[in-house]
Q: 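Please see the structure below; I have some questions.
Naming convention: chains lettered A, B, ... in sequence-line order (proteins, then strands); numbering from 1 in each chain.
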Number of protein chains: 2
Amino acid sequence: MGFELCSRPRNAAATRAAILDAASRRFMAETYEQVGMRDVAGDVGVDAALISRYFGSKEDLFLAVLDNCGKGSDLMDGDRADFGRRMAHELVYGEPNEGKMGWLLIMLRSASSPKAAAILKLSSNNFHAPFAEWVGGRNALVRARLLTGVLMGLGVSRDISGGFDFDAEECETMCAWLADTLQGLIDG
Amino acid sequence: MGFELCSRPRNAAATRAAILDAASRRFMAETYEQVGMRDVAGDVGVDAALISRYFGSKEDLFLAVLDNCGKGSDLMDGDRADFGRRMAHELVYGEPNEGKMGWLLIMLRSASSPKAAAILKLSSNNFHAPFAEWVGGRNALVRARLLTGVLMGLGVSRDISGGFDFDAEECETMCAWLADTLQGLIDG
DNA sequence: TCCGGTTGTCAACGCGTGATGACATATGCA
DNA sequence: TGCATATGTCATCACGCGTTGACAACCGGA
């Protein structure tokens, strides 16, 4: 970040992609309202007006981010049999605002914002439908929603205190419970 | 709402309380940034400048709301043996932004806002400590955090689509799983 | 009755936001 | 080389926000 300032070649597609990427990271870490066009532009090393030109409005940019994130959701990367342990470990020991939960983070941050929520609502099924299919089994959609719900909730809970402030044994307890519960939802 | 306009008696304590109440409801339903002084004042039927006079700044108002809400948290009202079923029913069938989860809703809405999060972080233990004591048993604090996490997460999940759009059987499935899981956390 | 303080209103300020249109500069083709 | 267009920048606008200080209305005690 920052070295883009020197000698960026004039390439519309590349800078458009860079803007989309920077916006994704911002929307994962901050509220819809909180993400500023000038911030995103600053990350890329570009003037804020360019975003308006490429994406139209802020809402359009957010929509583009959702479309882009929804495609390759990394929740479904990896072995199904290991899902619970993987996510539990990510939640308890992983760095906030990183890792395999990009899409969930965006939903989380923006769900309470009316403008973003209206957009999210449309895009939400684009995420849950394939995820439910991946989950499979009886009542797949319900279990998918429960999974994303629990993951998001613990994400909030962790963020509030900036990471779980537990000792090693407590972390193990939490991690184990989470792994069992999440895996139980996967297995049906 | 609105009838307060006529003939409110000039009573500082009462209007101060009314402002606090209106602000609480706003902070349960909207993000910290999104809640406007003019909105809160409008709910009470009062000028926005009065809030600044009574509470100082917006942050101070938010802090006052947290203190006020934290006192009588309704999560702990009712029978412990019935906690799971009660909360599950509330989540699946209850109206959004109402019911027994006021404090959780505020945490949820405001966790992603830097200003509010800083305040929340301080006030968070004021909530979790007594709740953990109410939960009791081994690793009470971990289980309390898991409980609030799951509750918040499903709250977000529900909000995103404006209520769970499931048929009756699916709602029952979800409700049953939630009741079991939450009660399991309570019982240890 | 009049006066002092409490309670509430009003207009305005400074700030930051998203968005716009005019302008500058690099690129690629003839 | 020279021009047309793509690419990016800049100054600026209108708006909404939290906050402030001056003003108005009301009440209670002398």
Side-chain angles (χ1 to χ4, degrees), chain A residues 2-23 26-27 29-65 109-110 112-116 118-119, chain B residues 2-23 26-27 29-65 109-110 112-116 118-119:
Chain A
F3 86 95
E4 304 92 338
L5 287 172
C6 57
S7 79
R8 158 185 298 282
R10 286 168 87 95
N11 180 340
T15 57
R16 205 193 122 100
I19 290 172
L20 201 59
D21 187 59
R26 285 280 180 181
F27 281 125
E30 302 163 44
T31 312
Y32 176 83
E33 281 89 6
Q34 188 125 73
V35 174
M37 302 286 94
R38 289 168 174 85
D39 300 333
V40 175
D43 290 347
V44 184
V46 127
D47 191 275
L50 206 60
I51 302 183
S52 290
R53 177 128 78 206
Y54 281 167
F55 291 91
S57 67
K58 183 182 183 179
E59 300 187 18
D60 294 330
L61 173 65
F62 185 63
L63 194 56
V65 165
R109 305 281 179 226
S110 308
S112 304
S113 158
K115 279 188 203 167
I119 306 173
Chain B
F3 86 95
E4 304 91 337
L5 288 171
C6 60
S7 80
R8 158 185 299 279
R10 287 169 82 93
N11 181 340
T15 57
R16 205 193 122 99
I19 289 172
L20 200 60
D21 188 59
R26 286 279 179 181
F27 281 125
E30 302 162 45
T31 313
Y32 176 83
E33 280 89 6
Q34 188 124 72
V35 173
M37 303 285 95
R38 290 169 173 85
D39 301 332
V40 175
D43 291 346
V44 183
V46 127
D47 191 276
L50 206 60
I51 302 183
S52 290
R53 175 125 79 207
Y54 281 167
F55 291 90
S57 68
K58 184 181 183 178
E59 301 188 17
D60 293 331
L61 173 63
F62 185 63
L63 195 56
V65 165
R109 306 282 179 224
S110 308
S112 304
S113 158
K115 280 188 203 168
I119 305 172

Q: A:M37 has an atom CE; how far is it from atom P of D:dA14, in whole Å?
A: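 Taking CE of A:M37 and P of D:dA14, I get 21 Å after rounding.
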Q: Is the closest side-chain heavy-atom distance between B:K115 and B:F62 below 4.5 Å?
A: no
Q: Within this structure, what is the CG-to-P distance between A:D60 and C:dG18, rounded to whole angstrom?
A: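 For the pair A:D60 CG and C:dG18 P, the rounded distance is 14 Å.
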Q: Expressed in angstrom and rounded to an integer, what is the separation of A:L50 atom CG from D:dA6 atom C1'?
A: 11 Å
Q: Only pairs at least two apart or in different chains count here, so list each salt bridge (charged side-chain N to carboxylate O under 4.0 Å, His left out) that has a residue in residues 56-65 of chain A.
A: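 Every pair satisfying salt bridge (charged side-chain N to carboxylate O under 4.0 Å, His left out) with a residue in residues 56-65 of chain A: there are none.
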Q: For the CZ atom of A:R16 and the CG atom of A:L50, what is their distance to the nearest 0.5 Å?
A: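 Separation between the atoms: 11.0 Å.
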Q: May I ask you to say what B:V35 touches in the nucleic acid, namely base, sugar-phosphate or nothing, with a heavy-atom cut-off under 4.0 Å?
A: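 Touches sugar-phosphate only.
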Q: Rounded to whole Å, please give me the gap between NZ in B:K58 and C1' in D:dG16.
A: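 Going from NZ in B:K58 over to C1' in D:dG16 covers 12 Å.
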Q: Out of D:dG8, C:dG18, C:dG8, which has the shortest distance to the side chain of A:Y54?
A: D:dG8
Q: Grab the NZ-C1' distance between A:K115 and D:dG16 for me, whole Å please.
A: 10 Å
Q: Could you write nucleotides 20-30 of chain C as a row of B, S and -, 5' to 3', where a protein heavy atom under 4.0 Å of any base atom gives B, of only sugar-phosphate atoms gives S, and otherwise -?
A: BB---BS----
Q: Mind listing the closest non-hydrogen atom pair of A:V44 and A:A22 along with its distance?
A: CG2-CB, 3.7 Å
Q: Taking any heavy-atom pair under 4.0 Å as a contact, classify B:F55: base, sugar-phosphate, or nothing.
A: nothing
Q: Looking only at heavy atoms, which two atoms of A:V40 and A:I19 are closest? And how far apart?
A: CG1-O, 4.0 Å
Q: Write down the distance between CZ (A:R26) and P (C:dT17), rounded to a whole number of angstrom.
A: 11 Å
Q: Could you give the CG-to-P distance, from B:D39 to D:dG16, as a whole number of Å?
A: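 From B:D39 CG to D:dG16 P: 12 Å.
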Q: Starting at the 5' end of DNA chain C, which residue's closest nucleotide do you reach first, B:A13 or A:Q34?
A: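 So the residue in question is B:A13.
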Q: In this structure, which one of A:D39, A:T31, A:L61 forms a side-chain contact (heavy atoms from CB on, under 4.5 Å) with A:R26?
A: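 The side-chain contact (heavy atoms from CB on, under 4.5 Å) with A:R26 is passed solely by A:D39 among A:D39, A:T31, A:L61.
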Q: If the condition is side-chain contact (heavy atoms from CB on, under 4.5 Å), which residues does A:S52 pass it with, not counting sequence neighbours?
A: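 In terms of side-chain contact (heavy atoms from CB on, under 4.5 Å), with neighbours along the sequence ignored, A:S52 is linked to no residue.
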Q: Report the distance from atom CZ of A:R38 to atom C1' of D:dC10, rounded to the nearest whole Å.
A: 12 Å
Q: With a 4.0 Å limit, can you tell me whether B:T15 has a side-chain N or O closer than that to the phosphate oxygens OP1/OP2 of C:dG8?
A: yes
